[in-house]
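Each remark here refers to the structure printed beneath this line.
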Protein chains: 2
Amino acid sequence: MDKSTQASLLTLERMENFRITPQRQVILEELSKVNSHPAANEVFDMVRTRLPRIGLGTVYRNLEIMADNGIILKIDVGGTQKRFDAIVEPHYHIRCTECGRVDDMDVPVQKEFETMAAASTDYKVQGHRVEFFGICPDCQKAKHDT
Amino acid sequence: MDKSTQASLLTLERMENFRITPQRQVILEELSKVNSHPAANEVFDMVRTRLPRIGLGTVYRNLEIMADNGIILKIDVGGTQKRFDAIVEPHYHIRCTECGRVDDMDVPVQKEFETMAAASTDYKVQGHRVEFFGICPDCQKAKHDT
DNA sequence: TTTTATTTGATAAAGGATCTCAAGTGAACA
DNA sequence: TGTTCACTTGAGATCCTTTATCAAATAAAA
């Protein structure tokens, strides 16, 4: 990926072999609105309020393409579904073990982790992810009320 | 879970509401033999050489139960399949982005990560995972040969 | 405009994991 | 050492997420 593939938050820019379609524009806009790290089906629901005829496959297809191009972030940690984030700067996440909700953490990213890792493995290290898990405020409350 | 649910590597111990069946014994034995973090279908294949009539559902069911009881570890980070590990002590993993293979890392577990995390979120923090990703030696070689 | 390669929507299909339930079986206890 | 019964198994159906297929629609270059 070269610099020309960078896109601003709300406006897609023209790239090689990449058309700016209303579907893509709306998917990015809706994803940018929330900070809830929605799964593909949730993005589908959000987008559908504005484009009722859009297909689920189109949403999957474009989330994938945008993630490949660094326009959005695919969060592929625990849980059954992949989630998506319009914020592409590296950061850590926390996932609720009760409801699956995912939030951002502002624990600083440990870049030196990767040098440490590279020294202790034969893999060519490309990156790392940290996922915290715990119980979100809502689920703590729900448990307490039961 | 109380202490009575702890099991040694190769011998299941009796627990409340938990029968020691040949299937469970063999699943644990086979998982203990390897350090390749197999997915459920791979455990199924290994177990099937010894118990040809075992069902895939039984393997899934028991891996899940054993993970819930802390007898084995369910590795639920990136990738499409959940993987399992007979080593339950906390440690980090690295996953090959080409072939999906998972190996152990001996980067020290940063326990203080969790105190740092707890201070910056409203979640009740239960733990954390670190997953490195990169290209395994085999896939590096395969790429080079192409 | 016209052209053309890309994209869409609808649908099928793949793949992983879970559920259901009758039949089977550990293990407590008589 | 049986008998009993709750737990477990195997087989299959089913669910859920994601990907593939393909004719029709459509951005965007010419």
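We name chains A, B, ... by the order of the sequence lines, and we start the count at 1 in each one. Just so it is clear, the values below take in all heavy atoms, side chains as well, and ignore hydrogens, waters and symmetry mates. The structure displayed is predicted, hence computed values, not measured ones.
Across D:dG10, C:dG26, D:dA27, the shortest atom-to-atom separation from the side chain of A:Pro22 is found for D:dA27.
For B:Thr58, no side-chain nitrogen or oxygen approaches OP1 or OP2 of D:dT9 to under 4.0 Å. Proximity of A:Gln23 to the phosphate of C:dG9: a side-chain N or O atom is located under 4.0 Å from OP1 or OP2. For the OP1/OP2 pair of C:dT8 and a distance below 4.0 Å, the side-chain nitrogens and oxygens of A:Arg53 include no atom meeting the criterion. The side chain of A:Thr21 contributes an N or O atom lying less than 4.0 Å from OP1 or OP2 of C:dT8.
Atom-to-atom, CZ of A:Phe18 to P of D:dA28 comes out at 10 Å; the value is rounded to the nearest Å. Computed from coordinates, the B:Phe44 CZ to C:dT18 P distance equals 16 Å when rounded to whole Å. One atom, CG of B:Asp68, and another, C1' of C:dA17, lie 14 Å apart when rounded to the nearest Å. Separating the CD1 atom of A:Ile27 from the P atom of C:dT7 is a distance of 12 Å, rounded to the nearest angstrom. In this structure, the CZ atom of A:Arg24 is 14 Å from the C1' atom of C:dG9, given to the nearest Å. Between the CG atom of A:Asn62 and the C1' atom of C:dT6 there is a distance of 11 Å, given to the nearest Å. The CD atom of A:Gln25 sits 18 Å away from the P atom of D:dT26 (whole-angstrom rounding). For the pair B:Asp76 CG and C:dT18 C1', the computed distance is 15 Å after rounding to whole Å.
Checked against side-chain hydrogen bond (donor to acceptor under 3.5 Å, both in side chains), A:Asn41 has the following partners two or more places apart in sequence or in another chain: A:Gln81. B:Asp103 meets the side-chain hydrogen bond (donor to acceptor under 3.5 Å, both in side chains) test with A:Tyr123, B:Arg101; sequence neighbours excluded.
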Show me the protein contacts with nucleotides 2-5 of chain D, counting only N or O atoms at under 3.5 Å.
none

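Of the possible polar contacts, none joining the A:Asp85 side chain to the A:Lys74 backbone as a donor-acceptor pair under 3.5 Å is found. Listed for the A:Thr121 side chain is no donor-acceptor partner under 3.5 Å among the backbone atoms of A:Ala117.
Within the structure, every pair that satisfies the ring pair (Phe, Tyr, Trp, His ring centres under 6.0 Å) test and touches residues 79-117 of chain B, not counting sequence neighbours, is listed here: A:Phe113-B:Phe113, A:Phe132-B:Phe113, B:His37-B:His93, B:His91-B:His93, B:Tyr92-B:His128, B:Phe113-B:His128.
Contact record, B:Gly134 with A:Gln126: CA-OE1, 3.5 Å, taken as the closest heavy-atom pair.
A distance of 12.0 Å separates NZ in A:Lys124 from CD1 in B:Ile94, rounded to the nearest 0.5 Å.
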Practice prompt. Using the side-chain contact (heavy atoms from CB on, under 4.5 Å) rule, take A:Asp68 and A:Ile65 through it: C-alpha gap first, then chi angles, then the decisive distance, then the call.
Written response: CA-CA 5 Å; A:Asp68 284 348; A:Ile65 291 170; 5.6 Å; no
Practice prompt. Determine, stepwise, if the pair B:Arg48 / B:Asp45 fulfils salt bridge (charged side-chain N to carboxylate O under 4.0 Å, His left out).
Written response: CA-CA 5 Å; B:Arg48 205 148 49 144; B:Asp45 288 340; 3.4 Å; yes
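When side chains are defined from C-beta on, A:Ile87 does not count as touching A:Leu73, because their heavy atoms never get closer than 4.5 Å. At a threshold of 4.5 Å between non-hydrogen side-chain atoms, the residues A:Glu29 and A:Gln25 count as touching. Annotation: side chain of B:Met46 is in contact with side chain of B:Val43 (closest heavy-atom distance under 4.5 Å).
Within the helix from C:dT1-D:dA30 to C:dA30-D:dT1, the inter-axis angle between the opening and closing five-pair segments is 30°, rounded to 10°.
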Worksheet, complete the sentence: With B for base contact, S for sugar-phosphate-only contact and - for none (protein heavy atoms under 4.0 Å), nucleotides 13-23 of chain D reads ----SBB----
